[in-house]
Enquirer: 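This structure is in structure tokens; I'll ask about it shortly.
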Amino acid sequence: MRTFVHILKYKLISFIKNTFSPRFVTAVRGLGSLLVFSGFSMVAYALSYEITKYILEHTRIGLFLFHRFVSMMLFVFFMAVNMGNIIVSYATLYKSTEVNFLFTKPVTFMQIFVLKFFDNFLYSSTTLFLVAFMVLLGYGTYFGYPWFTFLAVLLFVLVPFMFLSACLAVLVLMSLMKIASKIGFRKVMMLVATAYAALVFIFFKLSNPIDLVRKVNVHYPNVDFLSREDPGFIKFLPNNWVADFLYYLAKGDLVHGIPYAVSLLLVTAAVFALVLFIAHRFYYRSWLATFEFSAIGNSVEAGRRMKRFDFRKNSILPSQIESLLKKEYFQFFREPSQWIHLILMIVLVAIFVLSIQNLNLSLRVTSVHTMTYLVLYAFGGFLSCSLALRFVFPSISLEGMAFWAQLSAPLNLRRVYVTKLLIGVAVVLAIGLLVGLATNEPFVRMTERRPLLRYFGVYSSILVSVTLVAVNLGFGGYFSNFQEKNPIRVASSQGATLTFLVSLIYLVAIVSVISAPLMKYFESLFVFLPFDFRVIIVPGTVFGVISMSLTAFGLVVGLRSLQRDF
Amino acid sequence: MIELRNVTKRFGSFTAVDDISVTIPRGEFFGFLGPNGAGKTTTIKMMAGLFTPTGGEIHINGFDIVKQPQEAKMTVAYVPDQPFLYDKLTGREFMFFVGGLYKMEKKKVRERVEESIEHFEIGDWVDKRTEDYSQGMRQRITIAAALLHDPKTIIIDEPMVGLDPKSAKIVRETLKQKSKEGIVVFMSTHSLPMAEEVCDKIGIINRGKLVFTGSQELLQAYKKDLDGKFESVFLELTK
């Protein structure tokens, strides 16, 4: 225990010194993080309060159905925490230099495991925890709960719920390590991705929200019996326990609610005990197994095989560009945390794109259409912001200490920068265009195929994608950390948070600029008046000027960062 | 040829390199010595274009490293003190990568890579990703990659760190051979015997200032004044 506390003490000192360093850059980063987190918290709180109020007072779906939807949201949240923990815990538990260091010291495997487990939980779940807490606060404020109820729900429901998700993530990861050493990492990741997708599909198939709404409409207000009709599979899901606890709490029936909270606590404790037991038996062995499958994947024979884009192959590109592109390709596709995350984000985008295709726009009300359009537009922009932050921002930092090879070569650094910029633009623009066109398509259909919004979708996607990539690459260079090898950690650093803030401010500015002409466009459509195209000239120009100015700023910051001493 | 004219490097109020001037003609093997933190790596990083000098000029083969960086770097092989490589590339891929950066033709790169693999005896593991390499393996790959493009000048920082005796011998012989071929070698080292053995000229830096520059003959004269050991001269000059 003394050793454990000793290590914890020095981790804390290191964290405090890094976070509160009296340097200007650190202060700017800190302020940026504070603003982003405060902004997110306020938005989460306000949205939660307003949505709860709107649903319960205007749509009047009733407490039961409302909490069934809460259960579905909690399921998605549980999965998000779970997947986040799997991805980060691989780096934390198996690829961390700190773990390698501690294994050479008289520290037990279990102490190392527990230390890194909590490290991982706090690191990968803090933001989601903050959002969840603010949502709970907004929801609870609507019901007028006293402060001690919040505290109790926080400590005995929300924290155990997230902790359970993290425990399951580490259990899955340790099993993965075992299987991966036998059948290979890629195959295992494909299997896990399929299993998770199947789980989500089965959940939404069994808890069919449309069927649920129909049943509630038939039996309202005597709907409590419906919970007994839940498929068995759903009854055993922790998101259901939390939702049912909240449901009975909202009804003031704690006697029926408490068993759900107790179940959650007991199961969480049991799963944590299981994690410790498995870790005691298996963590060290699975840590060793990572070396094994790394050795399998890194054999001389595998290296000798001629691959796609192999350096030995001739190319039509100039040699410097060819070298830079091939290096980027191999660095990305040989790092599982990179390509797995990209696939996950593409899946998210696909779900978004498919779900908005069935948008019902039959209600021809200008304000409703404008608001719907702006919300979808902002969400699409938010996806591009996340994509740029996750994959473009870390790009310069990931050159790592090996960057000397490029900096000492007869290479124009603008070429390095432009190569990274073009790669970033290609990825973000491809996805941005897909989202931009898909978002606009239902509205284009509604306007009897008038193509204005489609053209705007293309114009906007190009400008927004280029701007976001330029900002993220530039700021990524300014806040570069060549010592950090984990892209997820780079993308969640304070510098990254500040960059995200800048991207969000840009997005808000663009949404504000387009809202007035958009409203005029829908208005002219619904009252059958010709649309005066001059209305879009000024906002379109402002949109372009803001985007190009920010792009130029990002480029200057990024290029100057490459000229710093290395 | 390397020419440093009144080169200074400051980090805030700290002066790491203070008004250094030295000229190293073609074919000379220059040993750059000094205690830890004396300014050796800072000087070398300025010569390689990784640091910008606060004052003075650095000319490499007639090109100013600040004003004509690409022309200067085209003629230089730089080997850093820490052989950091791209973890996800194999040793062979790293050499091809560097060859591409120096605008070498693919055919030429292929030939030079094969020659280097044989010369540095790295064939057994050159096709493994560098993430599993030892310090010595990384060092050998770094040196092999640096020499691919037939440089006119070699700037090498602590080349023997992490090398086993056999690899150290290969590197030492290679550098001596290159010097004989007319290439300038600027080598920083902590190894006094090696400096004595291979260098034509020696420079000693202490607290950012060049406190000694001279040929082996001058060094011998200094040694005679003390107890005949290079170590005593070094300690005397850097105390």
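Chain A is the first sequence line, chain B the second, and so forth, proteins listed ahead of strands; every chain is numbered from 1.
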Enquirer: Output side-chain donor-acceptor pairs under 3.5 Å for residues 18-29 of chain B, partner residues at least two apart or in another chain, one line each.
Expert:
residue: B:D18; atom: OD2; partner: B:K209; partner atom: NZ; Å: 3.1
residue: B:D19; atom: OD1; partner: B:N6; partner atom: ND2; Å: 3.0
residue: B:S21; atom: OG; partner: B:N6; partner atom: N; Å: 2.8

Enquirer: About how many Å separate OG1 of B:T42 and CG of A:D565, when rounded to the nearest 0.5 Å?
Expert: 9.5 Å
Enquirer: Could you check A:F311 against B:V113 for side-chain contact (heavy atoms from CB on, under 4.5 Å), going step by step and ending with a plain yes or no?
Expert: CA-CA 12 Å; A:F311 275 96; B:V113 166; over 6 Å; no
Enquirer: Please find the pair of heavy atoms, one from A:S408 and one from B:Y102, that lie closest to each other, and give the distance.
Expert: O-OH, 3.5 Å
Enquirer: Does atom NZ (A:K105) have a neighbourhood of more than 12 heavy atoms from anything else shown, all under 6.0 Å?
Expert: yes
Enquirer: Only heavy atoms, only distances under 4.5 angstrom. Which residues in residues 476-491 of chain A are near chain B?
Expert: A:K485
Enquirer: Rounded to the nearest 0.5 Å, how far apart are CG of A:N412 and CD of B:Q70?
Expert: 5.0 Å
Enquirer: Below 4.5 Å, heavy-atom pairs only: which of B:E131, B:E93, B:K103 has the largest tally toward chain A?
Expert: B:E93
Enquirer: Report the option among B:V109, B:T75, B:L89 that has the most heavy-atom pairs separated by less than 4.5 Å from atoms of chain A.
Expert: B:L89
Enquirer: When only heavy atoms count and the cut-off is under 4.5 Å, which of residues 323-333 of chain A reach chain B?
Expert: A:S323, A:L324, A:K326, A:K327, A:F330, A:Q331
Enquirer: Please determine, among B:Y86, B:F96, B:F94, the option with the most heavy-atom pairs under 4.5 Å with chain A.
Expert: B:Y86
Enquirer: With sequence neighbours left out, what residues match B:E105 under salt bridge (Lys or Arg N to Asp or Glu O under 4.0 Å)?
Expert: none
